[in-house]
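Read the structure below first, then the notes.
Throughout, numbering of the chain's residues begins at 1 and tracks the sequence. Atoms within each ligand, like the ligands themselves, are counted from 1 in listed order.
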Amino acid sequence: MPTALIVGASRGLGLAMVEEYLKREWSVIATARGPSKGLDALRESAGERLEVESLDIVEQDAVAALRKRLAGRTLDLLFVNAGVSNGHGDTVAGVSTDEFVRVMVTNTLSPMRVVEAFESLVPATGTIGVMSSGLGSVADNERGGWEVYRGSKAALNTLMRSFAARNKSDPRAMVIIAPGWVRTDMGGPQALLSIDESIPGVVTTLLAQAGKPGVRYLNYKGESVRW
Ligand SMILES: NC(=O)c1ccc[n+]([C@@H]2O[C@H](COP(=O)([O-])OP(=O)(O)OC[C@H]3O[C@@H](n4cnc5c(N)ncnc54)[C@H](OP(=O)(O)O)[C@@H]3O)[C@@H](O)[C@H]2O)c1
């Protein structure tokens with residue numbers, strides 16, 4: 001049975017990904033930085049197929065400790081979902097340095113540190129993925145808005161491309177996901193998609209990339225997003 005590590009799975013899209021992989025007969029190691037009623041409920045039905053670990057991705061010691069706990073395991077999917085947003089109207093002119101650093105460290109530096117820490121557990125047939133956003137597309141940024149969040153996801157995309165470029169002969173699939181605008185705490189009630197309209201497509205897209213080397217930026221329908 002294949003195993004996925006899904007990082008940042010307490011609620012929203014991450015929790016839904018855990019549920020979807022369990023439905024598709026995978027074992028899942030899910031991380032949350034605090035208690036999660038959603039993961040507790042899934043654990044009741046999934047039993048040993050779901051392991052829950054504690055992790056705040058910003059804390060380097062915690063990342064190293066989890067890496068140690070998982071030594072010797074095989075991760076057919078390593079996926080970092082955790083992320084934060086800030087205001088639609090926040091511009092670089094108005095944002096505080098602390099807020100800029102919070103968003104960048106959480107959405108850009110920390111996911112890549114998790115990728116770097118755990119990638120050696122992913123076999124040649126495995127997949128390494130991160131949750132980006134359509135807002136991370138530089139080419140599609142014609143309407144503006146969400147400047148700081150956009151910048152953090154565009155930088156995440158670039159760092160994934162750099163990771164792939166540094167590991168040119170790597171046979172593993174590397175996937176940057178744009179899940180669509182989805183009704184979660186972050187997406188808000190006005191978002192276009194329900195979780196059920198996004199996440200099964202995200203998981204199908206990730207599964208379809210296995211065995212295909214190189215890095216791709218794909219939406220929840222499996223379509224390429226412009227860089
Ligand atoms: N919803 C959308 O429309 C949309 C669109 C494009 C991209 N995305 C991306 O999809 C991902 C999930 O978004 P969502 O809509 O499900 O948002 P959400 O409901 O706000 O959930 C965010 C998740 O990230 C976790 N997280 C945040 N900071 C973390 C940290 N430092 N360490 C570990 N976990 C952390 C949260 O954990 P806690 O419960 O502990 O806070 C929560 O599980 C994010 O990367 C987001 O940028 C979302």
### Task
Check whether any heavy atom of Leu55 sits under 4.0 Å from an atom of ligand 1.
yes
### Task
Among all protein heavy atoms, pick the one closest to atom 37 (O) of ligand 1 and tell me residue, atom and distance.
Ser10 OG, 3.2 Å
### Query
Should you measure from each heavy atom of Val58, which atoms of ligand 1 turn up under 4.0 Å away?
31 (N)
### Task
Number the atoms of ligand 1 from 1 as they appear, then name those within less than 4.0 Å of a heavy atom of Trp181, with their elements.
3 (O)
### Under 3.5 Å: N/O of Ser133 near N/O of ligand 1
no
## Note on the structure
Checking heavy-atom distances from atom 40 (O) of ligand 1 to each of Met17, Arg33, Arg183, the winner is Arg33
## Note on the structure
protein heavy-atom neighbour closest to atom 10 (O) of ligand 1 works out as Met131 CG, 3.1 Å
### Task
Give the numbers and elements of all ligand 1 atoms closer than 4.0 Å to a heavy atom of Gly12.
16 (O), 19 (O)
### Query
Aromatic rings Trp146 and His88: how do their planes relate, parallel, tilted or perpendicular, breaks at 30° and 60°?
perpendicular
### Message
Which option wins on minimum heavy-atom distance to atom 15 (O) of ligand 1: Val63, Thr184, Ile57?
### Response
Thr184
### Task
For the pair Arg102 and Glu99, find out whether any cationic side-chain nitrogen is under 4.0 Å from an anionic carboxylate oxygen.
yes
### Task
May I ask you to list the atoms of ligand 1 that are less than 4.0 angstrom from any heavy atom of Asp185?
19 (O)
### Task
Would you mind running through ligand 1 and noting each atom that sits below 4.0 Å from a heavy atom of Pro179?
5 (C), 6 (C), 7 (C), 8 (N)
### Under 4.0 Å to a heavy atom of Gly187 - the qualifying atoms of ligand 1, by number
1 (N), 3 (O)
### Which residue and heavy atom of the protein sit nearest atom 47 (O) of ligand 1, plus the separation
Tyr149 OH, 2.6 Å
### Query
Polar-atom distance check: Arg11 versus ligand 1, any N or O pair below 3.5 Å?
yes
### Query
Do any nitrogen or oxygen atoms of Gly14 come within less than 3.5 Å of a nitrogen or oxygen of ligand 1?
no
### Query
Given Val80, Asn81, Leu193, which one has a non-hydrogen atom that is nearest to atom 44 (C) of ligand 1?
Asn81
### Message
Need the ligand 1 atom indices (1-based, order shown) with element for anything under 4.0 Å from a heavy-atom of Val84.
### Response
27 (C), 28 (N)
## Note on the structure
re atom 17 (O) of ligand 1, the protein heavy-atom contact at minimum distance is Met186 CB, 3.3 Å
#### Entry: For atom 22 (C) of ligand 1, closest protein heavy-atom neighbour
Gly83 O, 3.7 Å
### Message
Taking a cutoff of less than 4.0 Å between a non-hydrogen atom of the residue and any ligand atom, is Gly134 in contact with ligand 1?
### Response
no
### Message
So for ligand 1, is Leu13 a polar contact partner (N or O within less than 3.5 Å, distance only)?
### Response
yes
### Message
If the condition is side chain to side chain contact (heavy atoms under 4.5 Å, CB included), which residues does Leu207 pass it with, not counting sequence neighbours?
### Response
Tyr21, Arg24, Trp26, Val203
#### Entry: Whether Gly180 lies under 4.0 Å from ligand 1, heavy atom
yes
### Atoms in ligand 1 with a heavy atom of Ser132 nearer than 4.0 Å
6 (C), 7 (C), 8 (N), 9 (C)
## Note on the structure
Note: Leu135, heavy atoms under 4.0 Å from ligand 1, region reported as neither
